[in-house]
Structures are given as C-alpha cells and as structure tokens.
Amino acid sequence: MKKIIQDYDYNGIRGLMQSLGEPEYRAKQLFLGLTQGKSVSGISVLPASLKAKLSEQFEDKPIEIIRTLTASDGTEKYLYRLADGNIIEGVLMKYKYGNTQCVSTQVGCRMGCKFCASTLGGRVRDLTSGEILAQVLTVNALHAKGKERGVTNIVLMGSGEPLDNYDNVINFLKNVTSPDGINISARNISLSTCGLVDKMYDLAEESIPVNLTVSLHSTTDGERARTMPIANRWSIAEILKACTHYFNRTGRRYIFEYALIEGENCDERHADELIALLKGKPCHVNLIRLNEVKERELAAASEKQAYRFLGLLEKGGLSATLRRRTGADVGGACGQLRVNYLNNGE
Ligand code: SAH
C-alpha cells in the first residue's frame, strides 16, 4: 500500500511541498482540498505534474464509500473500502442540533465481546490516523451546506477498540480538532472504550478533552467476564478509578454504555448494584437495548424491561437515558454491515 496523505497535518504537508520544491501556497491549496474531502486528483487548482508526483507516493483515495443505506429516521450507514481492499463501516445520525458521525478505528477488533459483530473475525489491522480522518472528511463533504459543517459531532464507536490503536487515534484526534483543518471541538467528540485502564490514564494526559465513554454492560467482574474478556484484565473498580482520574484532569463528565441483555444484566439486583457503583459520581448512563446480532445467542431486553430498568436507575439518583436504536432497520449494531458484506456480499 502507498502512504496516506491524510496522515499529515498542515506542517507535514508544508514539509512535503518543500521537499518537492513547491511554493508555500501549494501546501495551502493541497491541505484545503483534503480538508474539503477531496482526493488529490480531485483538487483542480493543483497542476497535473504535482498530482503525478504525489500519486507515486500516496493513495489517491484512502477510503471510498461503496454503499450507503438510509434508514427511515434519516440515519445513514456506510460501507467503505480501504485502499488495500479491506472493508469498514460507519454511521451518520441526524439530530436537531447537528449530525453525529460514528467512525471505525480498526478493521475488525480483538476484544472479543460476546454481543458485538465487529470482533467476529478478530482484528485484521489498525487504521492509520489518516484513514480515520478520511471517514470524517468524506462524510462531512457529503453533508456540508456552504460554511455549515456536515459533521458536527464524532463518536469513536464504530469497529475497533480506539485505545488498542492508541497512537493513530491520538494523532487523528489532534488533526480533527486542529484549527488548521476541519476543527471539530474535542467537546463534540466521544471516545468509547471497553476499558483499557492503562490507556485511559494516558488519554487523560493528552490535553485533548474528549468525552470518555466506557462500555460497562455489567455490575460485577464475574458477570462482566461472561460477555467481555477484557474484564479478566481490568476490574470495574480499576475502571472507576481511571474515570475519576480522567474527570479530575479534564473536568469532563464520563459516560457508561450499558446494553440491556435479557436474562443477563437488567433485573432489579443489577439496578441496585449499578446505583451502588455510580451514585454521586459525575457520570451518565446510556442504556441501549441490545442490537441482536444473528451470529450471537444473546437477546435484547424488552422495551418494557428497559423502561423499568431506566426508572430504577433514576429513582436511585443516577443520571440515565435510554437511547433509541437509530437506524435499526438498516443493519443494527456496529459491525453487522461489514460482517454481512464479507459473508454474503450483500
Ligand atoms: N471498542 C469500543 C468502541 C466500539 S463499540 C468499546 O467497546 O466501547 C461501541 C459501543 O457499542 C460499545 O459500547 C459496545 O459495547 C456497543 N455494542 C457492541 N455491540 C452491540 C450490540 N450488539 N448491541 C448494543 N450495543 C453494542
């Protein structure tokens, strides 16, 4: 594979242009074109000779949308093909306040959560920071209206474990929040982790105050280990300590994801245990009914159960919401589109 030009920040592009003997304004034109989601060949102000030189070194299109599915609620799901032929997926959810894009950070995942489709074939490879950024630039360009951004919020909740691809993800966060580029505020970005505690401490030191989201899904280490192998490495107590540290360093409230799985994690005892764990902490609980994955045995809690669980948490003094399952009619949970495509070509 050739190099990915979207891996470069503005200084990197300047250095590249200098090394090719190009004037400074070419760096500006190139960087602006890339920020607008164009491929190098599509930046019309650049001379053909420069494009030819760049195409020797760099992929023209690090990612390409090969399919878009639009749900009845307006949610769009994308299948992307990477330059090496690998397939990843992502989502754009439309809300009153703007558009939230869900991006992938790895091809596949090696965390092995029992409810998740992304991890079914293991981890194939990490994405480079430019491949993560190119998802945002491409989808932003599709939806931008004049000066108004097409993507206002980003969640790192697609395929992959962001903290298992730490350096590339940090580089992505630096570039996507840079005033030189698309400049999306860190406050509008959420990073979701299954709980790689050592990396959560590292993240707190990066001075990129993104919202930290942890996939909890259980109230005891023993039960958590039944669906999340990472629970054998880090305990819930260690996760909570790392969250408190993150809050102390960044001032950001943290969020727990909790997928309601029938017969597994959402009876009254679990509500009590969750309240005991989280009461008084500067956090929020996002409940979601499990998106059923056909390769997996687990079933979603009923809507009635979900509202009951939510009610119990609220009564116990937690801040919690039940997320609606956006785009459920076009392929459910993250990872399902890719798995269907790889298995059946559909
Ligand atoms: N690896 C990261 C981010 C990717 S998953 C993490 O674990 O947080 C994004 C969220 O979707 C996580 O909370 C994950 O646990 C959840 N998820 C995965 N499969 C799901 C499913 N089938 N139904 C509901 N949520 C699911």
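When a residue number appears, it is its place in the shown sequence, counting from 1. Just follow the structure's listing: the first ligand is 1, and inside any ligand the first atom is 1.
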Original post:
Does Lys2 reach the main-chain N or O of Ser55 with its side chain, forming a donor-acceptor pair under 3.5 Å?
Top reply: yes

**OP:** Using a strict 4.0 Å cut-off to heavy atoms of Cys194, name the atoms of ligand 1 that fall inside it.
**Re:** 6 (C), 7 (O), 8 (O)

Subject >> Glu257, portion touching ligand 1 at heavy-atom distance under 4.0 Å >> reply: side chain

Original post:
Are the charged groups of Lys114 and Glu297 less than 4.0 angstrom apart, N to O?
Top reply: no

Subject >> Nearest neighbour of atom 25 (N) of ligand 1 from the list Ser159, Ser215, Ser190, Ala259, on a heavy-atom basis >> reply: Ala259

For residues 133-141, which side-chain N or O atoms pair as donor and acceptor with protein atoms under 3.5 Å away, sequence neighbours left out?
unit_1: Gln135; atom_1: OE1; unit_2: Ser104; atom_2: N; d: 3.0
unit_1: Gln135; atom_1: NE2; unit_2: Ser104; atom_2: O; d: 3.0
unit_1: Gln135; atom_1: NE2; unit_2: Glu131; atom_2: O; d: 3.4
unit_1: Thr138; atom_1: OG1; unit_2: Ala134; atom_2: O; d: 2.6
unit_1: Asn140; atom_1: OD1; unit_2: Gly150; atom_2: N; d: 2.7
unit_1: Asn140; atom_1: OD1; unit_2: Val151; atom_2: N; d: 3.0

Original post:
Does Cys109 come within less than 4.0 Å of ligand 1, judged by its heavy atoms?
Top reply: no

Original post:
Between the candidates Met228, Arg296, Met157, Arg289, which shows the shortest non-hydrogen contact distance to atom 9 (C) of ligand 1?
Top reply: Met157

Original post:
What atoms of ligand 1 come closer than 4.0 angstrom to any heavy atom of Gly158?
Top reply: 4 (C)

Subject >> Proximity of Val293 to ligand 1 by residue part, where a heavy atom lies under 4.0 Å >> reply: side chain

Subject >> Single hit among Arg233, His217, Met111 for side chain to side chain contact (heavy atoms under 4.5 Å, CB included) with Met228 >> reply: His217

Subject >> Listed partners of Tyr25 passing ring pair (Phe, Tyr, Trp, His ring centres under 6.0 Å), at least two apart >> reply: none

**OP:** Begin from the C-alpha positions of Arg26 and Gln29 and carry the test side-chain hydrogen bond (donor to acceptor under 3.5 Å, both in side chains) through to its verdict.
**Re:** CA-CA 5 Å; Arg26 290 288 181 218; Gln29 291 172 333; 2.7 Å; yes

Original post:
Does Glu292 use its side chain to pair, donor to acceptor, with the backbone of Ala300 at less than 3.5 Å?
Top reply: yes

Original post:
Does His217 have a heavy atom less than 4.0 Å from any atom of ligand 1?
Top reply: yes

Original post:
Has ligand 1 got any nitrogen or oxygen that is less than 3.5 angstrom from a nitrogen or oxygen of Cys116?
Top reply: no

**OP:** Answer with yes or no whether the side chains of Asp267 and His270 bring together a donor and an acceptor at under 3.5 Å.
**Re:** yes

Subject >> Numbering as shown, the atoms of ligand 1 that approach Gly160 to under 4.0 Å (heavy-atom distance) >> reply: 1 (N), 2 (C), 3 (C), 4 (C)

Original post:
When only distance counts, is Ser192 in polar contact with ligand 1, meaning an N/O pair under 3.5 Å?
Top reply: yes

**OP:** Could you tell me if any non-hydrogen atom of Gly195 lies under 4.0 Å from any atom of ligand 1?
**Re:** no

